[in-house]
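Heads up, the thing below is written out as structure tokens.
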Amino acid sequence: MLLLKKLRDHRDEIVALHQIKNFDSSTIIDEILTIDDERRKSQKTSDDLKANQNQLAKQIGDLMKQGKKAEAELLKSEVAQLKEQSKNMDDEIAALMANIDRLVLTMPNIPGSSVPAGRTAQDNLTVYKNYTDLPVLPAHAMPHWDLAAKYRLIDWELGVKITGAGFPVYIGKGARLQRALINYFLDKALAAGYTEIQPPIVVNEQSGFGTGQLPDKEGQMYFVNEDGFYLIPTAEVPITNIYRDHIFKADELPVKMMGYTPCFRREAGSYGKDVRGLNRLHQFDKVEIVQFQTPEKSWETLEEMRHYVAGLLHELGLPFRTLLLCGGDMSFTSSMTYDMEVYAAAQQRWLEVSSVSNFQSFQAIRLNCRLKAEDGTNYVHTLNGSALALPRIVASILENNQTPDGIKIPEVLVPYTGFDFIN
RNA sequence: GGAGAGAUGCCUGAGAGGCCGAAAGGAACAGUUUGCUAAACUGUCGUACGGGUAACUGUACCGCGGGUUCGAAUCCCGCUCUCUCCGCCA
């Protein structure tokens, strides 16, 4: 959510930056500002009326004490009138504000100055890659879903039986590989200074709103009707909401938190080879890193976080690239996003395994999470990133590390898996 | 699931129709003092939205939403949440 004051003070700048996101905000901002002018006028009127009422109420009190009943009654009727007027005014103000809120909520975050313009994923900028030539597998190489079945790592049909498509059952070394990855990611994040969190994996509506999943992405989350809870699509939601309605002191920042959770996504409308195997699931595991940072340092922190994630992929020895998303491919809430994609050599596809974003104050405003500064209160900046999402990592390991005899486990994981080969 | 109690500022906690944006203590911050640590003393110590170049000033907020009243943190109604006891239970 963007701040009204910012819209007023930097109107043209914001309109220009929104162009990069292919969003035309000029008319919306003007409409908002017009409504807000009206709101301010109405508020002045209402405030004055109320000030008047307050004063009269005091006078009435004094008159009553002095026993001047008649005079008091006279003032009472005057107050009644004022009250009616201010009440009408307040209704008007409420309507105006609701209108403003509704409009403000339709505006996406403002992209950072280095975000490239563009419409689709084609326009994303590859800012880093860790390979010179992509691996080429022999003709008999298998995609991960076949490998997973062959070595009994994942039972797809069983998942369908228990729940439905997109809920695979990991078995034996498949399950142990998952657990190894989780522990490896957690240990690395811990060493990088993040505090480990085990949050609830269902959240209330306010939390969903705070991080920006609600209201727009309502249909993407599983909903527990009876209690009004949402299953989290990412640990970002509960972890970021830890500091909803909180005011930080500057020396408390940055706050670095991380956690492992299962994630649930309805993925309505997905189909085809996008959803084959582990490529896209309804339930998957992820370790997420989250930071709260001062506005001055958030860009620096974004770089730090994406380098951290890249480091993990390096250690796993998977071919990957880092993309700087163009305006059109960025999420509604993000100000700048790096995506990390690993290569799955059998499918010959790139799979997104991490998305690292700086939200600036966009989430913080919704969260009402602020920073106490010398010159008043300000909003903090929030950032987060996957570090990492498991299924596609597993897919990439299986496909890239396959040999005729089995699958080689990346060296860094061996202490966690307890085995170095799957056959 | 049943019964009861409660929700006040960063925390503890008073406040029971006007003198309350709210006592007191603690924490925090600034200053004074003391040889350091510490202590003592003094001061500061909520947020939002308006008006004003500014000094300053208006309004709202005591869980949330209504109501009564000239006037509500205080009375009434509804909701939410928390705690305690009972039941069930990993």
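Because the structure is a prediction, the values reported are computed rather than measured. Order of the sequence lines sets the chain letters (A, B, ...), proteins ahead of strands, with each chain counted from 1.
- The gap from the C1' atom of B/A27 to that of B/U44 amounts to 14 Å, rounded to the nearest Å.
- More than 12 heavy-atom neighbours from other residues, nucleotides or ligands sit within 6.0 angstrom of CD on A/Glu252.
- Taking a pair to require two hydrogen-bonding distances under 3.5 Å in either a Watson-Crick or a G-U wobble arrangement, B/C85 pairs with B/G2.
- Between the side chain of A/Lys372 and the base of B/U47 there is no donor-acceptor pair of N/O atoms closer than 3.5 Å.
- We find that CG of A/Asn368 is positioned 15 Å from C1' of B/G63, with the value rounded to whole Å.
- A residue-by-residue look at A/Asp62 and A/Leu75 shows that A/Asp62 has its nearest nucleotide of RNA chain B further toward the 5' end.
- Using atom P as the reference point in both B/C45 and B/C56, the two lie 12 Å apart (nearest Å).
- B/A28 and B/C10 are spaced 8 Å apart, taking the C1' atom of each and rounding to whole Å.
- In a base pair of the Watson-Crick type (N1 to N3 plus N6-O4 or O6-N4) or a G-U wobble (N1-O2 and O6-N3), with each distance short of 3.5 Å, B/A30 is matched with B/U42.
- The partner of B/A73 cannot be assigned: no Watson-Crick or G-U wobble pair with both contacts below 3.5 Å exists in any strand.
- In this structure, A/His314 and A/Phe320 have perpendicular ring planes: the angle between them is above 60°, well past the 30° mark.
- The partner of B/A55 cannot be assigned: no Watson-Crick or G-U wobble pair with both contacts below 3.5 Å exists in any strand.
- Summarising the geometry, the separation between CD1 on A/Ile93 and C1' on B/A48 is reported as 14 Å, rounded to the nearest angstrom.
- Only the P atoms considered, B/C29 is 14 Å distant from B/U37, to the nearest whole Å.
- Nucleotide B/U69 holds its P atom 12 Å from the CD atom of A/Glu73, rounded to whole Å.
- Remark: A/Arg39, A/Arg40, A/Gln43, A/Lys44, A/Asp47, A/Lys50, A/Ala51 in residues 39-52 of chain A come within less than 4.0 Å of RNA chain B through at least one heavy atom.
- Going from atom CG of A/Leu3 over to atom C1' of B/A48 covers 11 Å, rounded to whole Å.
- Between A/Asp90 and A/Lys87 no salt bridge is recorded (no basic side-chain N to carboxylate O distance below 4.0 Å).
- The separation of B/U12 from B/U68, taken at their P atoms, amounts to 34 Å, rounded to a whole angstrom.
- A/Lys69 places its NZ atom 12 Å from the C1' atom of B/C70, with the value rounded to the nearest Å.
- Toward the 5' end of RNA chain B, the nearer of the two residues A/Lys58 and A/Ala80, judged by each one's closest nucleotide, is A/Lys58.
- Across all strands shown, B/A16 has no partner, as no Watson-Crick or G-U wobble contact with both distances under 3.5 Å is found.
- Between A/Glu92 atom CD and B/C49 atom C1' there is a gap of 17 Å when expressed in whole angstrom units.
- Between A/Ser355 and A/Asp339, the side chains place a donor N or O and an acceptor N or O closer than 3.5 Å (distance only, hydrogens not considered).
- Across the C1' atoms, B/C61 and B/A7 are found 16 Å apart, a figure rounded to whole Å.
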### Task
Start with the C-alpha gap between A/Asp36 and A/Arg39, add the side-chain angles, then the distance that decides, and say whether salt bridge (charged side-chain N to carboxylate O under 4.0 Å, His left out) holds.
CA-CA 5 Å; A/Asp36 190 47; A/Arg39 191 216 100 223; 2.4 Å; yes
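- For A/Gln53 and B/G58, the CD to P distance is 16 Å, given to the nearest whole Å.
- The stretch residues 248-257 of chain A does not touch RNA chain B, since none of its heavy atoms comes less than 4.0 Å from the strand.
- Checking B/A60 for Watson-Crick or G-U wobble geometry (two distances, each under 3.5 Å) identifies B/U47 as its partner.
- With a cut-off of 3.5 Å on both Watson-Crick or G-U wobble distances, the partner of B/A90 is given as none.
- Of the C1' atoms belonging to B/U74 and B/U69, the separation is 13 Å, rounded to the nearest Å.
- The cationic group of A/Lys173 does not satisfy the cation-pi geometry with A/Tyr151, failing either the under 6.0 Å distance to the six-membered ring centre or the 45° limit from the ring axis.
- The aromatic rings of A/Phe223 and A/Tyr230 lie tilted to each other, with the angle between the two planes from 30° to 60°.
- Using modelled atom types, one side-chain atom of A/Glu399 and one backbone atom of A/Ala346 make a donor-acceptor pair closer than 3.5 Å.
- Figure legend. B/U80 is base-paired to B/A7; pairs are counted as Watson-Crick or G-U wobble with both atom distances under 3.5 Å.
- Of the candidate nucleotides B/U47, B/G67, B/C70, B/U47 has the atom nearest to the side chain of A/Ile247.
- Legend: residues meeting salt bridge (charged side-chain N to carboxylate O under 4.0 Å, His left out) with A/Arg280, ordered by chain and number and at least two apart, are A/Glu267.
- Whole-Å rounding puts the A/Ile365 CD1 to B/A48 P distance at 12 Å.
- Residues A/Asp285 and A/Gln178 bring a donor and an acceptor atom of their side chains to less than 3.5 Å of each other.
- With respect to A/Lys68 and A/Asp62, no salt bridge is recorded, no charged nitrogen being found less than 4.0 Å from a carboxylate O.
- Side-chain atoms of A/Thr240 and A/Gln363 include no donor-acceptor pair closer than 3.5 Å.
- Backbone-only engagement by A/Asn54 is indicated by non-hydrogen atom pairs under 4.0 Å involving sugar-phosphate atoms exclusively.
- Atom P of B/A60 sits at a distance of 30 Å from the matching atom of B/G43, rounded to the whole Å.
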